[in-house]
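My structure is below; once you've seen it, I'll send some questions.
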Amino acid sequence: MGRVITAAQVQSQDTVGIARWLLGKALVRTRGATARSLLITEVEAYDSEQDLACHASRGRTPRTETLYRAGGIWYVYFVYGMHHMLNLVTGPEGHPAAVLIRGLDSIRGPGRITRALKIGRNLNGIGATPEAGLHLEDRGIDFARRSIRATPRIGVEYAGPRWAGKRWRFFVEPGKVAARNAAVSQGAVGH
DNA sequence: ACAAGGATACCT
DNA sequence: GGTATCCTTGTC
């Protein structure tokens, strides 16, 4: 069905590269007997204490402790009094970085993802493994570079022009996603 | 355009 | 202890 993505695969310091690479990977949620897997179609990179949009820009705090751990675990936080945000911690231990999962094929918006898949802070700091009930799989799906857009990250104006201006948000054009999925389900693409 | 809503970081 | 702010969404 797919190759489980391991922690070692997301521990390089190239957070932006990992973010882009995660497009087309499957987010797999298993709860009891049911399993749901959806392709990742939108992500954002948050990299290091220098990045003023990253929570780690304020250094180590109880909340950001998760970001400093070795990549391959989930960073889930609660914001605006009602939404959980799902991030994959990346990089080696001591390098605070993460990729925010902003959109899946069929679910757009980070708050909607966690609500639909019942993801809460109980997963914060937990390894992205099948045993945890939430992991990533590589199914050999690769979107054409032409269908991928790079824009500034959403909702981080507070970080100032230098950091808010970085085009670290990546997403696949909605239309392209549907077309590709149809091809995959018919065995014409992927392996 | 704006309220909802609770955790968080930083202040007094 | 008080409070400004927040990696959003739904409804106005």
Side-chain angles (χ1 to χ4, degrees), chain A residues 5 10-25 27 29 36 38-91 94-128 134-136 148-174 177:
Chain A
I5 290 173
V10 297
Q11 291 182 347
S12 88
Q13 296 204 14
D14 182 14
T15 313
V16 174
I18 292 173
R20 210 188 283 106
W21 174 78
L22 283 173
L23 291 177
K25 302 300 182 289
L27 178 69
R29 178 63 161 147
R36 249 182 116 179
L38 298 163
L39 298 186
I40 295 173
T41 58
E42 182 181 349
V43 296
E44 280 177 359
Y46 289 86
D47 184 30
S48 87
E49 294 183 346
Q50 276 61 55
D51 176 6
L52 295 183
C54 182
H55 287 168
S57 64
R58 292 165 190 259
R60 280 184 186 261
T61 67
R63 179 169 76 160
T64 63
E65 199 57 38
T66 306
L67 288 171
Y68 287 81
R69 292 174 54 192
I73 62 176
W74 299 114
Y75 170 50
V76 181
Y77 66 91
F78 189 62
V79 74
Y80 293 124
M82 56 190 84
H83 300 296
H84 291 284
M85 300 287 112
L86 174 66
N87 301 253
L88 177 70
V89 174
T90 62
H95 179 96
V99 174
L100 169 66
I101 311 296
R102 285 194 66 87
L104 303 175
D105 185 20
S106 78
I107 306 178
R108 291 194 222 174
R112 290 177 178 177
I113 289 173
T114 53
R115 188 182 60 185
L117 300 182
K118 302 211 174 1
I119 292 167
R121 280 186 302 178
N122 53 321
L123 282 167
N124 184 51
I126 303 298
L134 187 66
H135 71 278
L136 297 166
I148 296 174
R149 300 276 169 274
T151 75
R153 294 168 291 181
I154 304 294
V156 297
E157 288 307 310
Y158 62 86
R162 175 173 173 189
W163 295 98
K166 298 229 178 258
R167 298 172 53 154
W168 286 357
R169 170 182 179 233
F170 303 96
F171 66 95
V172 186
E173 284 194 88
V177 177

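Chain letters run A, B, ... following the sequence lines, proteins first, then strands; residues in each count from 1. For the numbers below, each heavy atom of this structure counts, side chains included, while hydrogens, waters and symmetry mates do not.
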Checklist entry - Contact class for A:Tyr80 vs. all strands (heavy atom < 4.0 Å): base, sugar-phosphate, or nothing? => result base

Checklist entry - Is the NZ or CZ atom of A:Arg102 both under 6.0 Å from the centre of the six-membered ring of A:Phe171 and within 45° of that ring's axis? => result no

Checklist entry - With distance as the sole criterion, do the side chain of A:Tyr77 and the base of C:dC7 form a donor-acceptor contact below 3.5 Å? => result yes

Checklist entry - For DNA chain B, what string of dots and brackets results from 5' to 3' when Watson-Crick and G-U pairs need both distances under 3.5 Å, crossing pairs get [ ], and pairs with another strand get |? => result ||||.||||||.

Polar atom pairs between nucleotides 10-12 of chain B and protein, under 3.5 Å, N or O only, would you list them?
none

Next on the checklist: Using a heavy-atom cut-off of 4.0 Å across all strands, would you classify A:Ile154 as base, sugar-phosphate, or nothing?
Outcome noted: sugar-phosphate

Checklist entry - Are the side chain of A:Thr64 and the backbone N or O of A:Leu67 linked by a donor-acceptor pair below 3.5 Å? => result no

Next on the checklist: At a heavy-atom distance below 4.0 Å, what parts of residues 109-126 of chain A sit against DNA chain C?
Outcome noted: A:Gly109, A:Pro110, A:Gly111, A:Arg112, A:Arg115

Item to check | Any donor-acceptor N/O pair, A:Gln11 side chain to A:Gly71 backbone, under 3.5 Å | outcome: yes

Checklist entry - Which residue, A:Val89, A:Val43, A:Leu86, forms the side-chain contact (heavy atoms from CB on, under 4.5 Å) with A:Val99? => result A:Val43

Item to check | Interatomic distance, A:Tyr46 OH vs C:dC6 C1' [rounded to whole Å] | outcome: 12 Å

Next on the checklist: Could you tell me how far apart A:Arg60 (CZ) and B:dA9 (P) are, to the nearest whole angstrom?
Outcome noted: 14 Å

Next on the checklist: In whole Å, I'd like the distance from the NE2 atom of A:His83 to the P atom of C:dC7.
Outcome noted: 13 Å

Checklist entry - Does the side-chain contact (heavy atoms from CB on, under 4.5 Å) test come out yes or no for A:Phe170 and A:Arg149, once each step is laid out? => result CA-CA 6 Å; A:Phe170 303 96; A:Arg149 300 276 169 274; over 6 Å; no

Next on the checklist: Surrounding CZ of A:Arg162 (heavy atoms of other residues, nucleotides or ligands, distance under 6.0 Å), is the total greater than 12?
Outcome noted: no

Checklist entry - Once you round it to whole Å, what is the distance between P of C:dC6 and CG of A:Leu100? => result 16 Å

Next on the checklist: What is the distance, to the nearest angstrom, from the NE2 atom on A:His84 to the P atom on C:dT9?
Outcome noted: 13 Å

Next on the checklist: Tell me whether A:Tyr158 contacts the main-chain N or O of A:Ala53 through its side chain, where contact means a donor paired with an acceptor under 3.5 Å.
Outcome noted: yes

Item to check | Phosphate OP1/OP2 of C:dC7: any A:His55 side-chain N/O under 4.0 Å | outcome: yes

Next on the checklist: Tell me whether A:Glu173 contacts the main-chain N or O of A:Ile148 through its side chain, where contact means a donor paired with an acceptor under 3.5 Å.
Outcome noted: no

Next on the checklist: Using a heavy-atom cut-off of 4.0 Å across all strands, would you classify A:Met82 as base, sugar-phosphate, or nothing?
Outcome noted: base

Item to check | Verdict with reasoning, A:Ile18 to A:Thr15, per side-chain contact (heavy atoms from CB on, under 4.5 Å) | outcome: CA-CA 5 Å; A:Ile18 292 173; A:Thr15 313; 5.6 Å; no

Checklist entry - Going by distance alone, is a donor N or O of one side chain under 3.5 Å from an acceptor N or O of the other, for A:Arg169 and A:Thr151? => result yes

Item to check | Atom pair distance, as rounded to whole Å: CZ in A:Phe78 and P in B:dA9 | outcome: 15 Å

Next on the checklist: In this structure, how many angstroms lie between the C1' atom of C:dC7 and the CG atom of A:Leu52, rounded?
Outcome noted: 14 Å

Checklist entry - Aromatic rings A:His55 and A:Tyr75: how do their planes relate, parallel, tilted or perpendicular, breaks at 30° and 60°? => result perpendicular

Checklist entry - OP1 or OP2 of C:dC7 sitting under 4.0 Å from any side-chain N/O of A:Tyr158? => result yes

Checklist entry - Between A:Asp51 and A:Arg153, is there a side-chain N and carboxylate O pair less than 4.0 Å apart? => result yes

